[in-house]
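Read the numbers this way: they start at 1 and go in the same order the structure lists the ligands and their atoms. We're numbering straight along the sequence, starting at 1. Because the structure is predicted, anything quoted here is derived from the model rather than measured.
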Amino acid sequence: MQKHDLQEILSPVGQGHLLRFWDELNQTQQQNLASQIAAQDWPKIVSWVRQALGNEQLPIPFSQLQPAPYLPLQPSNAAEKKLYADARERGRQLLSAGVVAAFTVAGGQGTRLGFDGPKGTYAFTPLRQASLFQFFAESIARYQEKYQALFPWYIMTSPANDLPTRQFFEQHAFFGLEPENVCFLQQGTLPAFDFQGKALLAGKDCLALSANGHGGSFAALHDSGALQDMQQRGVKYLSYWQVDNPLVTLFDPLFLGLHEITASEMSSRALIKRDYQEKLGHFCLLDGKTMVVEYSDMPLQLLQQTDSGQRLRFRAGSPAIHILSCDFIRRLTTGRSDFQPHRADKKVPCIAADGSVVTPAAANAIKLEFFLFDAITLAQKPLILAADREEQFAPIKNAAGEDSPQSCRDALLSRSLRWLQQSGVPVPCQQDGTAPVKLEISPRLAVEPSDLAPHAQRLSALRPDSELILE
Ligand code: UTP
């Protein structure tokens with residue numbers, strides 16, 4: 001592509017400055033910049049940026065917002081009991097039939113954790129130092145054994161962490177999974193813009209690009225050919241989770257069965273918020289449509305509102321655990337225009353008009369990110385099922401404190417002790433009568449308490465050392 005072709009793309013949308021250094025670039029650099037520019041849909045992106053900068057994104061009419069209904073964790077009446085029993089049975093059939101695949105989004109930067117590498121490679125378990133990817137791979141292997149079926153695993157990476165992610169799996173021989181059943185797909189990128197709506201250059205020959213958010217998964221599943229691959233494999237449903245929540249139940253027959261029986265296109269687990277300040281998106285209803293409203297967008301008055309039972313009115317929060325129907329993803333990806341990105345103000349290193357390098361101390365740019373949960377509004381019959389926090393949710397977001405590696409390990413230990421008790425395995429106690437504080441159960445052995453029962457005899461012979469690894 002020649003300079004003037006690029007000018008024709010950029011000038012009408014006010015982005016001609018991106019060619020400022022063109023004449024200084026060698027041919028390879030020119031090609032690099034040209035291909036990055038040609039890959040973007042500038043009119044669409046610039047209109048999103050204008051909306052974001054002008055706060056023109058549609059305001060939510062909060063007075064009309066209602067809490068979205070959700071199904072309880074335990075059935076509360078006879079009809080629900082029957083529905084849940086049927087759903088569990090159907091879910092088991094679906095799992096045995098091999099029509100379910102795993103989908104993990106792992107393209108994030110993990111800025112808050114401050115770990116230098118793909119977050120999935122982060123070693124978090126207390127004794128084996130297993131990484132998040134290893135933990136999920138072991139779980140998948142266990143589920144495959146349990147259901148005598150294959151669960152292909154699709155992992156979304158970003159251009160920034162794709163190679164190290166693939167290398168990590170290769171170095172670890174895919175943790176025992178068949179390499180052909182672990183499929184990587186890269187999400188797309190979007191350019192960052194300054195607060196005047198001008199796209200930033202990361203170098204004279206490259207745009208300041210960053211991953212387009214977890215909602216970029218839909219386009220990535222389509223564009224990478226993963227959707228087609230799923231069709232060839234007979235996959236109908238995706239079990240979706242984020243790479244930083246190792247406690248997630250990878251394949252829950254109840255959740256899957258409910259998804260299918262109710263003909264939902266996108267189903268979600270809901271955490272009942274601990275208190276109004278817990279920073280989770282809220283499942284809401286607006287004009288009969290289900291949507292997730294971000295914590296930061298909810299007015300304080302609504303956050304604090306209680307119902308007649310003195311419970312938070314907007315109490316169903318999203319831990320980002322979903323079932324997605326492949327047909328729904330196909331439908332979405334043939335008409336992408338309804339999907340709007342969100343604005344995030346970030347520090348983005350870039351180069352100034354004089355070519356000098358800018359390392360900002362404060363946010364200098366807006367990034368646009370698609371959010372996966374925005375698809376719920378577009379789904380037919382979206383279903384919401386309460387989740388068990390202690391069993392299913394302990395994300396690793398921060399380096400310390402809440403939602404950190406340590407809080408995740410604490411939750412894992414409590415769950416392990418609970419599982420041993422529930423499965424009738426006596427918890428080997430230390431000399432002072434307390435449960436071992438250094439205990440780790442590999443998901444290769446158990447993904448639910450009943451998996452431990454067959455090993456009760458062997459496990460009850462265990463003596464509490466300083467370290468107790470059950471694998
Ligand atoms: P977060 O919103 O927690 O972002 O992502 P993050 O990048 O991991 O962490 P911070 O905010 O920089 O500290 C939630 C999930 O969505 C994935 C992440 O990998 C994580 O599993 N994600 C996020 C993507 O796959 N792509 C993105 O562009 C953003």
Is the closest basic N to carboxylate O distance between K279 and E402 below 4.0 Å? no

Under 4.0 Å between a Lys/Arg side-chain N and an Asp/Glu carboxylate O for K146 and D451? yes

Taking atom CD of Q304 as the centre, does the number of heavy atoms from other residues, nucleotides or ligands within less than 6.0 Å exceed 12? yes

Could you list the residues that satisfy ring pair (Phe, Tyr, Trp, His ring centres under 6.0 Å) with Y154, not counting sequence neighbours? none

If the condition is ring pair (Phe, Tyr, Trp, His ring centres under 6.0 Å), which residues does F314 pass it with, not counting sequence neighbours? none

Let me check something: any side-chain donor-acceptor pairs from residues 175-184 under 3.5 Å, sequence neighbours excluded? List them with distances.
residue : atom : partner : partner atom : Å
N181    : OD1  : R233    : NH1          : 2.9

Can you list every protein residue that has a heavy atom under 4.0 Å from any atom of ligand 1, sorted by chain and residue number? V105, A106, G107, G108, Q109, G110, T111, R112, K119, M156, Q187, A211, G213, H214, Q242, V243, D244, K397

